[in-house]
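Have a look at the structure below, then the notes.
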Amino acid sequence: MTPAQSAARRIKVSPSMMCADFLSLKTELDLLAERGVDYLHIDIMDGHYVPNFTLGPDFCRRLAGYSAIPLDIHLMVENPDPFIPVFAGFPGATVAIHPEAAYHPIRSLELIRACGARPGVALDPSTPVEVLRWLLPHLELVCVMTVNPGYAGQALVPGGLAKIGEVARLVESEGLAIEIEVDGNVSWENIPRMIEAGAQTLVAGTSSLYDPAGDLAGNLERLYRLIGRS
Ligand code: DX5
Ligand code: ZN
């Protein structure tokens with residue numbers, strides 16, 4: 001995809017906050033806002049659906065209180081419904097559940113919308129795309145996970161790129177304007193291939209925006225050049 005094509009299809013950036021430097025978060029948020037990132041990606045883990053704990057409601061409240069960048073909340077939570085009202089009230093928020101972890105995914109998506117947020121789903125790498133068929137009318141974003149949920153810094157799972165393409169074709173065939181996000185090992189090498197496959201929003205973590213080989217400002221410029229936004 002040429003820079004002109006990706007510029008035409010403005011690729012969105014959602015920095016993964018679990019990868020941020022918490023000790024200089026204010027400075028980082030100012031830079032991200034100044035440079036126009038689209039969302040802040042918030043990984044919520046419950047220690048059950050995934051074997052890890054990360055961020056929570058208080059962190060989201062502090063972020064939303066300081067920054068106007070909309071929250072892109074990724075709920076890796078078993079039976080998410082009781083927690084949806086906690087997260088879906090942030091202005092302009094998107095809340096994605098894992099259909100694998102919800103008893104009644106359509107009910108959960110409708111609850112997210114009723115609480116004022118954009119409903120989405122995040123698919124575990126092992127989950128077939130077919131799962132989306134009856135969910136598509138109820139959602140605005142699909143997050144294709146290209147690593148097993150639960151940790152930053154993992155390598156792309158085989159089949160991840162092909163799955164992005166399958167989701168893009170399904171969404172296109174249904175004629176729906178559903179945002180396709182990719183999450184997991186969104187690296188300098190993988191980004192062009194993920195966009196080529198159909199990704200529109202990039203969750204940027206340790207293998208690009210928070211790549212320790214560079215600083216945040218330099219990595220963001222590099223990312224923007226790569227996606228035709230600089
Ligand atoms: C993993 C999370 C990701 C993670 C990505 O379960 O959903 O958002 O932060 O980190 P990297 O980019 O390092 O794979
Ligand atoms: Zn995530």
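Counting starts at 1 for both ligands and their atoms, in listed order.
With a 4.0 Å heavy-atom cut-off, ligand 1 is reached by the backbone of Thr206 and by its side chain too. At a heavy-atom cutoff of 4.0 Å, ligand 1 is contacted by the backbone of Tyr151 but not by its side chain. Contacts of Ser16 with ligand 1, taken as heavy-atom pairs under 4.0 Å, involve the side chain alone.
The ligand atoms of ligand 1 that sit less than 4.0 angstrom from a heavy atom of Pro149 are 6 (O). Near Gly153, the atoms of ligand 1 lying under 4.0 angstrom from a non-hydrogen atom of the residue are 11 (P), 13 (O), 14 (O). Each of the atoms 9 (O) of ligand 1 lies under 4.0 Å from some heavy atom of Met18. The ligand atoms of ligand 1 that sit less than 4.0 angstrom from a heavy atom of Met76 are 6 (O), 7 (O). Every atom of ligand 1 is numbered from 1 in the order shown, and the set under 4.0 Å from a heavy atom of Gly184 is 14 (O). Taking every non-hydrogen atom of Val203 and a distance limit under 4.0 Å, the qualifying atoms of ligand 1 come out as 8 (O). The distance from ligand 1 to the heavy atoms of His41 drops below 4.0 Å at these ligand atoms: 8 (O).
Checking Tyr39 against Lys12 by side-chain atom types alone, a donor-acceptor pair falls below 3.5 Å. For the residue pair Thr127 / Asp124, no side-chain donor-acceptor distance below 3.5 Å is found, with atom types taken as modelled. With 3.5 Å as the limit, one finds no donor-acceptor pair spanning the side chains of Tyr151 and Asp43. Residues Arg222 and Asn219 bring no donor and acceptor atom of their side chains to less than 3.5 Å of each other.
Of the N or O atoms in His74, one or more lie within a sub-3.5 Å distance of an N or O in ligand 1. For ligand 1, the polar-atom distance check against Ala204 finds no nitrogen or oxygen pair separated by under 3.5 Å.
Nearest protein neighbour of atom 6 (O) of ligand 1, counting heavy atoms only, is Gly150 N, 2.8 Å. Atom 14 (O) of ligand 1 has Asn185 N, 2.8 Å as its closest protein atom, hydrogens excluded (heavy atom only). Gly205 CA, 3.3 Å is the protein heavy atom nearest to atom 12 (O) of ligand 1.
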Show which side-chain atoms of residues 78-96 pair as donor or acceptor with protein atoms under 3.5 Å away, not counting sequence neighbours.
unit_1, atom_1, unit_2, atom_2, d
Asp81, OD1, Ser108, OG, 2.6
Thr94, OG1, Arg118, NE, 2.9
Thr94, OG1, Arg118, NH2, 3.1

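Atom-to-atom distance recorded for Leu123:CG and Ile164:CD1 is 11.5 Å, nearest 0.5 angstrom. In this structure, the separation between CD on Glu181 and CG on Leu202 is 8.5 Å, given to the nearest 0.5 Å. Between His138 atom NE2 and Ile178 atom CD1 the span is 10.5 Å, to the nearest 0.5 Å. For the atom pair CG of Leu111 and NE2 of His104, the computed distance is 12.5 Å after rounding to the nearest 0.5 Å. The CG atom of Leu71 lies 11.5 Å from the NE2 atom of His41; values are rounded to the nearest 0.5 Å. Separation of atoms CD1 (Ile44) and NE2 (His74) is listed at 10.0 Å; rounding is to 0.5 Å.
Salt bridge Arg229/Asp38: present, at least one basic N to carboxylate O contact under 4.0 Å. In summary, Arg193 and Glu196 do not engage in a salt bridge, as defined by a charged side-chain N under 4.0 Å from a carboxylate O.
Protein N/O/S atoms closer than 2.8 Å to the Zn ion (ligand 2), listed by chain and residue number, are His41 NE2, Asp43 OD1, His74 ND1, Asp183 OD2.
Here the side chains of Leu55 and Cys60 are not in contact, with every heavy-atom distance at 4.5 Å or above.
Across Asp183, Asp124, Asn190, heavy-atom proximity to atom 5 (C) of ligand 1 is greatest for Asp183.
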